[in-house]
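Index from 1, following the sequence. Atoms within each ligand, like the ligands themselves, are counted from 1 in listed order.
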Amino acid sequence: MSKQGFPAGFLWGAATAAYQVEGAVREDGRGESIWDRFCATPGAIHGGDTGEVACDHYHRFKDDVENMRDLGLSSYRFSVSWPRLFPHGHGKLNRRGLDFYESLVDALLEARVQPALTLYHWDLPQALQDVGGWTNRDTASWFSDYADCLYTHLGDRVKMWMTLNEPQVAAFVGHSDGRHAPGLKDFATAVQASHVLLRAHALAVAAFRELCPAGSRIGIALDLHTMYPFTDGMSDIEAAHRADGQVNRWFLDPVFKGTYPVDVLEIYAKHGVAPRIEDDDLSTLSSNPVDFLGVNYYFPQRVYACDAGGVLGFEYGHLKDCPRTEMGWEVYPEGLSDLLIRLKNDYADPVLMITENGAAYPDRITEKGQVQDHDRIEYLASHLLESRRAIEQGVKLQGYYLWSLMDNFEWGFGYSRRFGITHVDYHTLSRTWKKSASWYQSVIATNGAAL
Ligand code: IFM
């Protein structure tokens with residue numbers, strides 16, 4: 001590593017996800033996803049927004065790839081829309097859906113931007129939801145078949161794969177909080193969904209080992225929060241440990257150790273919400289290790305004990321007078337280095353990629369058409385500096401994907417929150433670099449020395 005730069009070969013990336021950018025939801029044989037259905041539910045999404053058009057990436061991907069080339073990105077993380085390939089979730093492949101991803105991958109390779117493909121970023125085919133979705137064990141097998149198809153057709157060109165994006169959010173925000181598709185509100189259902197998602201992950205890794213050439217890598221992108229006790233009191237310290245159990249260890253332990261954390265499992269069993277674990281489930285997990293862990297980090301949590309705080313008895317508190325993004329999320333870059341070092345220590349020094357990190361701010365476009373997003377630059381720079389600090393302490397961090405390449409559909413918030421370094425005008429769909437894009441370009445060009 002040069003004095004101020006990052007290690008040679010460090011991946012400088014940006015990320016998006018299919019439903020958030022593609023649009024074209026009824027084109028070329030794409031089937032309905034749970035997000036199409038959820039967006040049609042009155043009151044579910046801010047302003048009644050939907051992903052119907054989004055950024056129109058489906059039609060504009062060539063320009064978007066040019067944008068990536070100009071930025072100097074070494075890699076682009078995107079996700080594939082399962083219902084574009086299999087409108088009913090399984091069965092006959094919709095060739096036109098696959099054609100889109102073949103063209104995207106070819107354009108990326110042509111621009112010397114390495115594709116990093118996520119198989120599932122929340123847009124389950126609605127047809128599968130109709131038969132139980134992620135609570136149905138068959139969904140894990142159908143996911144593995146869908147993954148097989150992509151390995152077969154793209155495995156020669158895509159070298160970096162991720163099975164799931166943020167299964168914690170997919171399970172709990174979608175099945176317990178009801179704020180995401182499919183909009184359910186039952187904790188036990190969410191726990192069961194988390195288990196089927198993890199099983200799906202393991203089956204897809206097993207299929208990958210059969211079908212993808214040596215040198216290709218597969219991982220999973222987890223949303224991880226550093227959990228700090230709100231006070232020094234023992235009850236808050238214990239509550240932070242339980243929160244860590246529900247949000248972090250519940251996913252990390254199966255992926256790295258092939259077990260669920262005993263403390264959390266015991267509490268779930270006591271409350272009758274434990275998942276149905278069948279004989280070979282844990283061995284399937286433990287026998288399919290990942291090549292890297294994708295870390296999605298945005299903010300830490302401040303945890304306090306609270307009897308009314310759900311099955312695990314905790315709530316999240318808010319520090320006064322600390323900087324926050326427009327999402328209300330605390331800005332605490334040290335939380336990222338704490339997290340990376342903890343992963344190194346607790347999970348046998350894995351290879352890590354930051355697969356998402358970024359911030360929404362109320363961008364204003366000036367009369368000259370510029371967005372001077374200094375707050376976003378400060379957020380990104382401080383998190384990159386903490387990443388570098390972790391590398392200096394021996395963490396095997398090999399890449400950083402900024403969220404997001406461009407403004408896009410922010411789930412329940414619709415288009416009201418902008419995370420992009422490229423501004424998208426949702427009327428004309430034109431793209432304009434924000435100041436953060438030029439800044440990122442110079443960071444990439446100097447391999448981080450410009451920070
Ligand atoms: O936009 C999301 C993304 O889809 C998943 N991770 C968090 C981002 C910001 O909320």
Side-chain angles (χ1 to χ4, degrees), residues 13-23 33-36 38-39 44-47 49-51 54-55 57 76-82 116-124 162-174 177 179-182 194 197 219-226 247-248 251 293-301 316 324-332 335-336 339 353-363 373 375-376 379-380 383 400-424 426 436:
T16 65
Y19 192 74
Q20 295 181 271
V21 297
E22 284 179 4
S33 80
I34 54 172
W35 272 94
D36 299 301
F38 190 59
C39 288
I45 311 291
H46 175 92
D49 291 342
T50 75
C55 308
H57 182 61
Y76 173 52
R77 175 174 179 239
F78 63 96
S79 75
V80 171
S81 159
W82 183 349
L117 189 159
T118 306
L119 292 162
Y120 184 72
H121 197 126
W122 306 351
D123 44 355
L124 187 76
M162 277 143 283
T163 54
L164 308 175
N165 183 71
E166 302 183 1
Q168 193 274 138
V169 174
F172 289 93
V173 184
D177 302 354
R179 287 185 286 116
H180 277 190
S194 70
L197 279 155
I220 184 169
L222 300 181
D223 57 304
L224 300 171
H225 296 268
T226 336
V247 174
N248 300 327
F251 296 87
L293 172 68
V295 175
N296 292 4
Y297 174 84
Y298 290 88
F299 63 102
Q301 294 285 16
Y316 296 131
R324 293 185 183 280
T325 69
E326 198 187 8
M327 299 294 283
W329 296 345
E330 180 185 337
V331 178
Y332 190 66
L336 176 56
L339 172 65
M353 302 277 174
I354 294 176
T355 36
E356 286 184 28
N357 176 242
Y361 285 107
D363 295 333
D373 55 340
D375 34 18
R376 180 172 293 105
Y379 178 97
L380 296 169
H383 286 77
Y400 175 90
Y401 291 82
L402 183 157
W403 186 271
S404 174
L405 174 68
M406 56 187 148
D407 295 334
N408 58 51
F409 176 77
E410 179 53 25
W411 308 113
F413 292 88
Y415 297 98
S416 70
R417 297 291 186 280
R418 292 175 178 271
F419 279 83
I421 54 169
T422 307
H423 177 271
V424 176
Y426 292 118
S436 53

Can you tell me how far apart CD (E410) and CE (M327) are? Round to the nearest 0.5 Å.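 Here the rounded value is 4.5 Å.
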Atom pair SG (C55) and CZ (F409), whose distance is rounded to the nearest 0.5 Å: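 Here the rounded value is 11.0 Å.
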Compute whether any side-chain donor of one residue and acceptor of the other, for S79 and Y19, lie under 3.5 angstrom apart.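 There is no such pair (donor and acceptor under 3.5 Å, judged by atom type) between the side chains of S79 and Y19.
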If only side-chain N and O atoms count, and only distance matters, is there a donor-acceptor pair under 3.5 Å linking N357 with Y400? yes
Neighbouring protein residues of ligand 1 - any heavy atom closer than 4.0 Å: Q20, H121, W122, N165, E166, Y298, W329, E356, W403, E410, W411, F419
Between R77 and E356, is there a side-chain N and carboxylate O pair less than 4.0 Å apart? yes
Taking the side chain as C-beta and beyond, is there a heavy-atom pair between W122 and I34 under 4.5 Å?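 Not in contact.
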